[in-house]
Amino acid sequence: MINKADKNITEVLSQIKDGATIMIGGFGTAGQPAELIDALIDLGVKDLVIINNNAGNGDHGLAKLLKTGAVRKIICSFPRQSDSWVFDELYHAGKIELELVPQGNLACRIQAAGMGLGAVYTPTGFGTLLAEGKETRHIDGKDYVLEYPIKADFALIKADKGDRWGNLVYRKSARNFGPIIAMAADVTIAQVSETVDLGALDPEHIITPGIFVQHVVQIEPTHSTTAAST
Amino acid sequence: MINKADKNITEVLSQIKDGATIMIGGFGTAGQPAELIDALIDLGVKDLVIINNNAGNGDHGLAKLLKTGAVRKIICSFPRQSDSWVFDELYHAGKIELELVPQGNLACRIQAAGMGLGAVYTPTGFGTLLAEGKETRHIDGKDYVLEYPIKADFALIKADKGDRWGNLVYRKSARNFGPIIAMAADVTIAQVSETVDLGALDPEHIITPGIFVQHVVQIEPTHSTTAAST
Amino acid sequence: MSHTLLTRDQIAERAAQDIPDGAYVNLGIGLPTKIAKYLPADKDVFLHSENGLLAFGPPPAKGEEDPELINAGKEYVTMLDGGSFFHHGDSFAMMRGGHIDICVLGAFQVAANGDLANWSTGAEGAIPAVGGAMDLAVGAKKVFVMTNHTTKTGEPKIVSELTYPVTGKNCVDRIFTDLCVIDVTVKGLVVTEMVENLSFNDLQAVTGATLIDATK
Amino acid sequence: MSHTLLTRDQIAERAAQDIPDGAYVNLGIGLPTKIAKYLPADKDVFLHSENGLLAFGPPPAKGEEDPELINAGKEYVTMLDGGSFFHHGDSFAMMRGGHIDICVLGAFQVAANGDLANWSTGAEGAIPAVGGAMDLAVGAKKVFVMTNHTTKTGEPKIVSELTYPVTGKNCVDRIFTDLCVIDVTVKGLVVTEMVENLSFNDLQAVTGATLIDATK
């Protein structure tokens, strides 16, 4: 009998080692798995490569992880924000490497990894600094840049509800990168606000089928659950 | 005020002209929009290119359309079935052109069109007859075939419920190609078993957002609706 | 009589008039966001946000904010009846796949050929950030730009060639400024409207590219 | 004493033993489908079907068939609690993206290097059909083949090189036949089990490729 929700957060995260490549869900703080990130910080691993849309906000979550110096490189689309002072300082001090990827190419390269594609020709970024040195091709009247998949050893995501087979549903705009990074990582760890019985999630409503999820960790919800969703 | 459900089936289909490329949903008969196909037959257009997983079953739906001689070419993955006698006869008589595409490449090329990609490197079919003459590339230890998007002028799909903005939910394994062909056609026409009020579909449960759907046509359900689904 | 510059709200109001009923629209972060409040209530205009929202609505009432219901500008929003949530892959398929009818973007510069610069000034040491701008520039059916006609120091933002790093090539269709409306065409930059009491010559004088007058 | 051939059900039962708890499995149309009934009830084995089902269950009771709940073989099925529906794009992402642990396919031929032929005999005038076979062959973590050891006319199906058109190159990991179990390794075809009273020499005699005996 498979129970993907049978380990505590520390046990689950202990498989992450120095040098790991980790995708982290969230757009800003919506959908950011804050508790998994805190547990990752406690683990004390180093030399990480992080993939996220942003580069941390304020002093919590991803920003806090960056501040520990555990992250060697970040792949993201929008690091510069009004409250990204932790990243800003590391970047200006030359203490973190940045690979800037247009947001749609970030999504698309993650999807390519999840789908098992070798590479894709994307129109985004053609002729820009972010495509410098990259192979291009003119196809059917339009210009494209060749982009390669982005995979990861781990994905840390935040979902709303999960079951013991790893099926997940999300909440509002916290869904964002969750479903696609779950498909692109060797091991996906989901924190959920509620663990439900098998069969409680309608098969028509499941957003991430359990095949893409290896561990489910229940965290007490901190958001206001005004609108319940299944 | 936008009401995508305000025209009858004949009005909606009358925009389809000779020579159109049409994607048709369905895997076998599950999810096949039989009533839309019947109306297409009544329209009497010719020289069509059809994209579907199969090439018709029995004497109804897609098979019936083929039998009228309206279809110049079919792009599919599995034309040969125990009840595909209509296609078999046309094929052996040289009256229909067949482009055979591995099912996953069919899905993936349709997705590439919907996503706006120029081409993708897919591992499926490498070294086989179905990749003969196609460009290949060795990427990160694995071989891939370059495949181009499949787009269409129209997509005809069957969904379970829809609203006046074109939002759709599907029913069980009738979902199959529906959501991805809706994204790859210029004009998507969905037949639904029930038209519901705006807001009746939970935003978390909508499978095809209305942006991908231009027309919704309500058809009386013929399947047994033992399990209601939203 | 001297002319009056349009306020930011007036530019937004003018741009809103060119958004038809039923349009799927992405409003870029900053100035373009203002357009939302000038969309007439009798039109169904579907606002898309990169982070997985379609048909979102106005900000929530105070106290009703949900940190998990934000737009791409990370502002609190609400959902309209008929709205939907989806993941980033589908969201950018909408953008890159040509499903968004109109996007409205801010600009550092627009060139005579429709090249857009809005993501980086190329300043030494600045942290680069691009977000979804490059996807919108290449993917939306029509790209509108909403901007002041010149910089705060009076430099033209509409130029013959970009000096800032490009976001998207040949992508801009129409420009709404505090002085005029310009269509980017194969013939060049065609001025279709100007604020009152502004002469075409005065407009040309504050523009870094040749304009064609079509206001008469 | 002469050996006895395994029945189709016995091959299925043997193959079922090599499917571990928690495996995501795609059973190809035809013979492999039989494996489902030999999966022990105390294991959670997740059956995937190309047409958008995960964790489907046994056929429905008579009268409960739903034409919109079918598997890739177009047979009526049921859903287990914890099952899910998804579209063809996601379904083939599961297959092509390496998320399926094991697929079990039928075969016309398997070559010594693991090449598989199961989609076309190349016969003149035959209508070609491929379905999802090529995706499973390249995408599943492990590819099992379930087949009779020889054709009805006694020709070997395990051969040094394919004579039928290839489905996938170097893809087969293990072969279950009515005579034996073979692992496809870098060293060659390694026989790990044989039916009782069959000599290795007799097995080699009905096989078109060199076998390595690892049964002792």
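Order of the sequence lines sets the chain letters (A, B, ...), proteins ahead of strands, with each chain counted from 1.
- In this structure, D:Asp18 pairs ionically with D:Arg174, as a charged nitrogen and a carboxylate oxygen lie closer than 4.0 Å.
- No side-chain donor-acceptor contact under 3.5 Å links D:Ser160 to the backbone of D:Ala209.
- Interface check for chain B: of the options D:Ser91, D:Ser84, D:Ala129, the most heavy-atom pairs under 4.5 Å are formed by D:Ala129.
- In terms of modelled atom types and a separation under 3.5 Å, the side chain of D:Asp173 and the main chain of D:Val143 share a donor-acceptor contact.
- Of the two parts of D:Phe92, only the side chain, counted from C-beta on, holds a non-hydrogen atom closer than 4.5 Å to a non-hydrogen atom of chain B.
- Using modelled atom types, no side-chain atom of B:Ser84 and backbone atom of B:Phe87 make a donor-acceptor pair closer than 3.5 Å.
- Using a 4.5 Å cut-off between heavy atoms, D:Asn71 touches chain B through its backbone atoms (N, CA, C, O) alone.
- D:Pro32 has its side chain out of reach of D:Phe176: every pair of non-hydrogen atoms, C-beta onward, lies at least 4.5 Å apart.
- D:His88 and B:Phe27 have tilted rings, their planes meeting at an angle from 30° to 60° on a 0 to 90° scale.
- Of the atoms belonging to B:Ala107, it is side-chain heavy atoms, and not backbone ones, that fall under 4.5 Å from chain D.
- Heavy-atom distances place both the backbone and the side chain of D:Ala72 under 4.5 Å from chain B.
- For D:Ser49, no part lies near chain B; criterion is any non-hydrogen pair under 4.5 Å.
- Contact count versus chain D (heavy atoms, under 4.5 Å) is highest, among B:Thr29, B:Leu106, B:Asn53, B:Asp88, for B:Asp88.
- Contact annotation for D:Leu53: only side-chain heavy atoms (C-beta onward) come within less than 4.5 Å of a heavy atom of chain B.
- Of the possible donor and acceptor atoms, one in the side chain of B:Asn176 sits under 3.5 Å from a partner among the backbone N and O of B:Gly26.
- Residue B:Leu98 touches chain D through its side chain alone, counting heavy-atom pairs closer than 4.5 Å.
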